[in-house]
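Some notes on the structure that comes next.
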Number of protein chains: 2
Amino acid sequence: MVGNPDAVHPEHGKSEKTAGKGEGAVSSLREFVQEIEAWLQKSLGNPDIPERLRMAMRYSLLAGGKRIRPSLCLACGRMLGASLDALMPFAAALEFIHTYSLIHDDLPAMDNDDLRRGRPTNHKVHGEALAILAGDALLTDAFGLMASVTFPAERVVRAIAFASACAGSSGMVGGQALDMEYTGRSGVTLEELRHMHAGKTGALLRAACVCGGILAGADEARCAALSRYAAAFGACFQITDDILDETGDTAALGKTAGSDAANGKNTYPALVGLEESRRLAVGLAEEAVAALTGFTGPDAEFLKALAQSLATRSA
Amino acid sequence: MVGNPDAVHPEHGKSEKTAGKGEGAVSSLREFVQEIEAWLQKSLGNPDIPERLRMAMRYSLLAGGKRIRPSLCLACGRMLGASLDALMPFAAALEFIHTYSLIHDDLPAMDNDDLRRGRPTNHKVHGEALAILAGDALLTDAFGLMASVTFPAERVVRAIAFASACAGSSGMVGGQALDMEYTGRSGVTLEELRHMHAGKTGALLRAACVCGGILAGADEARCAALSRYAAAFGACFQITDDILDETGDTAALGKTAGSDAANGKNTYPALVGLEESRRLAVGLAEEAVAALTGFTGPDAEFLKALAQSLATRSA
């Protein structure tokens, strides 16, 4: 139940480890989501943004997504010593990027989806041209947000470089291009599917975790652990997404269930069956938890519990 | 003749000022364009970029544009003490951004253009979906290029923030949104037209000039002068673009002449007539040159000569 801010709350995932002042506690997704929503609500206030463009950007940005990427960034960064306030513009930037990718993916020339997060897609409401521009603007503004954080400049530059690499031609956009190429094609292998998803879904989740670490000043080894966590988390997330598309219902998902099959998408259930997909998801959630061995405190416990909740999510 | 790399060559714009070792000399657009083309040719070599996406990106990136934005960045930065090599990734990033904006502007949902730089537009060759993604990837990768430069990190962060503000919702994309809104609408004022163009065309030219200065470590006053130069340059550029669309021919322009009128676009010639448009262009070129009073050397002379050549360009 990643979609529910209450899913990971203090009652879950109590830690037996000594975790400083937060011993036994776990941060909650609800806390992160509230902070993020409040911040996003106040964003895009620049009076120089043309009003229609601002409305199109806000329509999708404030559609109540799960806020997984910014939450991961905030949790990873705070786990390593940074404050939520300092991390927030960068975390929000990742949600800007995620949002732009959804707007563009839904376009008629792409997945041609009419429904997203329970509402008509951006182009259905604002028209195709403005939807394209709203996506472009969210993506561009994201890097301005990243450059606005107050961490030491060397870290900021490194984090921006990492986020760009994850979101660009060899990351998220590359994965989306492969997804299109594979759609309707038979004979796609599990390895090709994994590689495509590592770009399309995994890369931005990796940016969220690793950039949180970079901004907090984490060393190589810790950033590598965050990267391993994120890779397993992302793969698990995608598999459960595929499973839900096949087994969930449109109302709970907020998007058209069964659209993968209808669109000839290559999915884990289609390739290895539902049962094996569920087994893979559980294994990846465990892998994510294992990557954080040695990290302690409320945010570490939150990250572990979030990964565990993924494998059994229903929305 | 901005389109011709020979247009601003050593015979033009001899300076009477003392300009150090470069006294009386002027850098040439040909020099900049050659360096930029060579750099762009070697870009996008990351083997992790899916091949079809790379081809779609290269199709537009290497279509032989005028390379005005990177040239301005290189000239402004070198004029203030930075080296071409150090500036190049940032300058190239601005061409990535310009190229993405052309790909998306040409889409059927936007201007629906079939011809660009004398060739079929990106979506005509690679399909709409891949054209959207190629644009998204060029925009995203641009910020990675910016973050890759070796200047002091504080300057890099400032330059990225500035470039994002110029290219995003309150800059270039905002101007494009206004252009769409104004298209086909009667009663658009000269002030509205100016504001729209300051975003759509002017903002990225301003990023090119000012970021060159920021990276070179220029002080506030010098950056402000570069900004004034760029603002006048951009306005002049747009007016002459409008004039050429009305008076030029398709072969020389490499794009469909007369498309502005056919598309109901608001233009300077439509609003104030051809003669007044030409007068405005000449005045703005002079304003650009005046902004650089006090700047000397080959690159200063180049920038002044380039502005002067704008007012009478034929392509």
Working for side-chain contact (heavy atoms from CB on, under 4.5 Å), residues A:Leu133 and B:Met180: CA-CA 10 Å; A:Leu133 291 176; B:Met180 279 174 37; 3.4 Å; yes
When A:Pro152, A:Pro50, A:Ala161 are compared by non-hydrogen pairs under 4.5 Å with chain B, the top option: A:Pro50
Donor-acceptor under 3.5 Å (A:Ser170 side chain, B:Asp48 main chain): no
B:Phe151/A:Val157 under side-chain contact (heavy atoms from CB on, under 4.5 Å): CA gap, chis, key distance, verdict: CA-CA 11 Å; B:Phe151 293 98; A:Val157 171; over 6 Å; no
Region of B:Ile97 in contact with chain A, defined by heavy-atom distances below 4.5 Å: neither
Largest heavy-atom contact set with chain A, pairs under 4.5 Å, which of B:Pro108, B:Gly144, B:Ala129: B:Ala129
Any donor-acceptor pair under 3.5 Å from B:Ser164 side chain to A:Thr140 backbone: yes
Under 4.5 Å from a heavy atom of chain A, the part of B:Tyr100 involved: side chain
Most contacts with chain A, counted as non-hydrogen pairs under 4.5 angstrom, among B:His123, B:His195, B:Glu128, B:Met172: B:Glu128
Aromatic ring pairing B:His104/A:His104, orientation class (parallel under 30°, perpendicular over 60°, tilted between): perpendicular
Chain B contacts, top residue of A:Ser148, A:Ala147, A:Gly199 (heavy-atom pairs, under 4.5 Å): A:Ala147
Portion of A:Asp141 that has a non-hydrogen atom of chain B nearer than 4.5 angstrom: both
side-chain contact (heavy atoms from CB on, under 4.5 Å) evaluation trace for B:Glu51 with A:Glu181: CA-CA 11 Å; B:Glu51 206 45 42; A:Glu181 196 175 324; over 6 Å; no
Toward chain B, the part of A:Leu107 with a non-hydrogen atom under 4.5 Å: side chain
Contacting moiety of B:Ala165, where chain A heavy atoms sit under 4.5 Å: neither
Within 6.0 angstrom of B:Lys124 NZ, more than 12 heavy atoms from elsewhere: no
B:Ala177 versus A:Leu53, closest heavy-atom pair with distance: CB-CB, 4.1 Å
Largest heavy-atom contact set with chain A, pairs under 4.5 Å, which of B:Ser101, B:Ala137, B:Ala131, B:Gly135: B:Ala137
Options B:Gly127, B:Ala167, B:Ala142, ranked by heavy-atom pairs under 4.5 Å with chain A, top entry: B:Ala167
Residue B:Ile132 versus chain A: region with a heavy atom under 4.5 Å: side chain
Flag, side chain of A:Asp136 to backbone of B:Val173, donor-acceptor distance under 3.5 Å: no
Chain A interface, residue from B:Gly175, B:Pro47, B:Gly171, B:Gly168 that has the most non-hydrogen pairs under 4.5 Å: B:Gly168
B:Met57, part contacting chain A, at a heavy-atom distance under 4.5 Å: side chain
B:Met55, CE atom: more than 12 neighbouring heavy atoms under 6.0 Å: no
